[in-house]
There are 2 protein chains.
Amino acid sequence: MNLKELAQKLNLSPTTVSRALNGYPEVNAATRDRILAAAKRHNYRPNTRAIRLATGRAMAVGHVFPGATKNEIMNPVFADFIAGAGEVYAANGYDMLLSVVSDEAEAQTYRDLKSRGAVDGVIVHAVRTNDERIQSLLDLGLPFVSHGRATGVDLPYSWVDVNNRRAFLRATEFLLDLGHSRIALVNGLEGMGFALRRRSGYVDALSARGVDADPALMSSDAMTEHSGFTAASAMLDRPDPPTAFVAASMLSGMGVRRAIEARGLKMGRDVSVIIFDDELSYLRNGEDLPIFTATRSSVREAGRLAAQMLLDLIADPDTAPRNKLLEADLILGQSTGPAPRK
Amino acid sequence: MNLKELAQKLNLSPTTVSRALNGYPEVNAATRDRILAAAKRHNYRPNTRAIRLATGRAMAVGHVFPGATKNEIMNPVFADFIAGAGEVYAANGYDMLLSVVSDEAEAQTYRDLKSRGAVDGVIVHAVRTNDERIQSLLDLGLPFVSHGRATGVDLPYSWVDVNNRRAFLRATEFLLDLGHSRIALVNGLEGMGFALRRRSGYVDALSARGVDADPALMSSDAMTEHSGFTAASAMLDRPDPPTAFVAASMLSGMGVRRAIEARGLKMGRDVSVIIFDDELSYLRNGEDLPIFTATRSSVREAGRLAAQMLLDLIADPDTAPRNKLLEADLILGQSTGPAPRK
DNA sequence: GCCCTGCTTGAAACCGCTTTGAACGCTCAG
DNA sequence: CTGAGCGTTCAAAGCGGTTTCAAGCAGGGC
């Protein structure tokens, strides 16, 4: 069922039918009702391909992920971010196009998406320090919003990010308030800007209280359970072990917990742990009562915000770049307590 | 730069240029070279929207995921499956369209994708027992491949699945061989067909050796760390605790391990654990040496296979449905050992 | 009675490509 | 010398919508 057929059934021209369906005002109310009813009855949906060609808009948004190489890590945050963004697209009649590409192919992918006219804009993921993608997307003239800021890039562009520095600052302060002074950081890979900012929040909180950050209590690695376990184990086995940890993710935190328990210690009593919780739907921090005390910020919500921002940008490309810095909540769980008396 | 402009520059008709670029044989070799050179020089890319309208093919594949409701769990397997499928699409010039929808909206989503002509086929995820989607997709005439079989549906359709029954049968047999007889099952939600088949493999292996499956040693829940911990804790606190566990996922297994260690026991010595390992890139089972003994089958590979199967089906829709049952490897890690002497 | 307006509707061009059917220039067999 | 056949090229008709521009018609002011 296409427009022409529908118009014939109604004894109207395709023009009028098109206008009625798209809500143009110059259609007689009675005619419009008749058309809408018929469209519904015949389950008519305009052909996306034709709309796209005629209007020159793709009505689609691209998400480009690094991760094509066989063993590269797909970001665990991916699924929930996509779910959030997808809600917004669906509500606005946009399609979501996904490309999983190798790092080298990424620039070319953007260029193709643009010149093929496959999307109206893109969301940039896994932003790195000094990320060249920002500049090249600006050059391309393809609207985009990045998830995370690119440290070291001083250009006007739109982004959605979490105040990672503040989150880790608050987490560290909270542990200091509980009397801890040997506080360890189990950080993500510091090639990523967000990890750097987390570290700076941690370091600043310590030095504000006159505590020197101990390099032996700072680690940086991929945010997996295994690396959390390894890092925490090494630290706990030192002569002057930490009494508290700030961990970069739910998975790292689980590794830290295991290291603690493996030494016959109890998390929350002997050793405190605060994690950063992205609220991933398959990695919940407990059911009603949180297991970990955590700085929490929903990735899904970030996905929604980024998507909405991008659609606004597409609707009006000349609008000034917008930024949204999300604050993480500090929620109390069972993994923290006062520093044990010596 | 579009086809017409390029043709004008070359003093040729769009017809000839189009044919040359698409490799049709009836173009003079010299002309073709001239055209290819010019296309390259001007960085010409045919407009995707126009190609799609003209050819009637979408050159795109849809992936439809349930999970739109705020708190619904996004399948953790999602990201890696997509990464695998994406490789195949990219290599074949297809785009990947993602829809995250609420359960109720799913049927309508398929119908829309079809009538809008947005995709040439779809991959069906999270297949349930007696899944009505199979029938409705067959009715729609939209080519599709499902990831997992729909238990209870006896229709001809294409799928890619893991031999879950055999995997759990082998895992259980392996534990029996090690002398275990109190073997527990920490299963996923049994509304999903794959969980049912896993259970049947487990039960059959036991009864083949004359061991009755003990209902108190079988649990079924979402595959999270927390639920693995809870289920294993309860079982270990019984008067006749299990000496071995078969767990449905990496995350469940981590929960089981925690329950074991919380009781001062050592995994691999006092209590054995076998997990099912999907080889998720962000949830690796150890680095070089596997932590868990596991039945292993790569979700990423399944994504590749399903995607390829779908493209084949799209190329020739009249081909008979194809099925691919992947066998899981049984790999030895550090989490299993002989049953402790009484 | 005439003309201008406002409200509806329609014809046709257009988006950028593919593809069908026709035409052109040559060679070569009859 | 004619006509069939081949290799190349092109004009034009789609694909299924949107959008511009024109036109039909009724009502109202003069």
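In the text below, chain A, chain B and the rest are named by the order of the sequence lines, each starting its count at 1.
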- Over how many whole Å does the gap from A/Leu53 atom CG to D/dG14 atom C1' extend? 12 Å

- Side-chain N or O of B/Thr15 closer than 4.0 Å to phosphate OP1/OP2 of D/dT9: no

- Can you label the angle between the A/His125 ring and the A/His63 ring as parallel, tilted or perpendicular, going by 30° and 60°? tilted

- Message: By nearest heavy atom, map B/Asn11 and B/Thr55 onto DNA chain D; which one lands nearer the 5' end?
- Response: B/Asn11

- Message: With a 4.0 Å cutoff (strictly under), does any side-chain N or O of A/Tyr44 reach OP1 or OP2 of D/dG16?
- Response: no

- Query: In whole angstroms, how far is the C1' atom of D/dA12 from the NZ atom of B/Lys4?
  - Reply: 13 Å

- Task: Note the angle between the end axes of the helix from C/dG1-D/dC30 to C/dG30-D/dC1, five pairs defining each, rounded to 10 degrees.
- Result: 70°

- Item | Gap between atoms CG and P, on B/Leu3 and D/dG14 respectively (whole Å) | 19 Å

- For DNA chain D, which residues in residues 25-42 of chain A have a heavy atom at a distance below 4.0 Å? none

- Message: For a 4.5 angstrom cut-off between non-hydrogen side-chain atoms, does A/Val162 reach A/Phe194?
- Response: no

- Sequence neighbours excluded, every pair satisfying salt bridge (charged side-chain N to carboxylate O under 4.0 Å, His left out) that has a member inside residues 115-128 of chain B: A/Asp95-B/Arg116, B/Arg128-B/Asp131

- Side chain proximity check, A/Gln135 to A/Asp139, heavy atoms < 4.5 angstrom: yes

- Message: Out of the candidates B/Trp159, B/Phe81, B/Phe78, only one should pair with B/His147 under the ring-ring contact (aromatic ring centres under 6.0 Å, His included) rule; please name it.
- Response: B/Phe81

- Query: Is B/Tyr24 near enough to D/dT8 that one of its side-chain N or O atoms lies under 4.0 angstrom from OP1 or OP2?
  - Reply: no

- Task: Map A/Arg19 and B/Asn2 onto DNA chain C by nearest heavy atom, then report which one ends up closer to the 5' terminus.
- Result: A/Arg19

- Message: Using the side-chain contact (heavy atoms from CB on, under 4.5 Å) criterion, which residues pair with A/Lys9? Sequence neighbours excluded.
- Response: A/Met1, A/His42

- Query: Side-chain contact, heavy-atom cut-off 4.5 Å: A/Met59 with A/Thr48?
  - Reply: no

- B/Met309 and side chain to side chain contact (heavy atoms under 4.5 Å, CB included): which partner among B/Val145, B/Thr319, B/Ile123? B/Val145

- Boundaries of the chain B footprint along DNA chain C (any atom under 4.0 Å from a heavy atom): C/dG16 to C/dG21

- Using a heavy-atom cut-off of under 4.0 Å over every strand shown, decide if A/Arg49 touches base, sugar-phosphate, or nothing. nothing

- Message: Do B/Glu106 and B/Val64 make a side-chain contact, defined as non-hydrogen atoms from C-beta onward lying under 4.5 Å apart?
- Response: yes

- Mind checking B/Ile51 for me? I need base, sugar-phosphate or nothing, with any heavy atom below 4.0 Å counting as a touch. sugar-phosphate

- Sequence-distant partners of B/Leu138, side-chain contact (heavy atoms from CB on, under 4.5 Å), two or more places apart: B/Ile134, B/Phe144, B/Leu155

- Item | Contact check, side chains of B/Val77 and B/Leu280, non-hydrogen atoms, under 4.5 Å | yes

- Query: Whole Å only: how far is the CZ atom of B/Arg116 from the P atom of D/dG17?
  - Reply: 12 Å

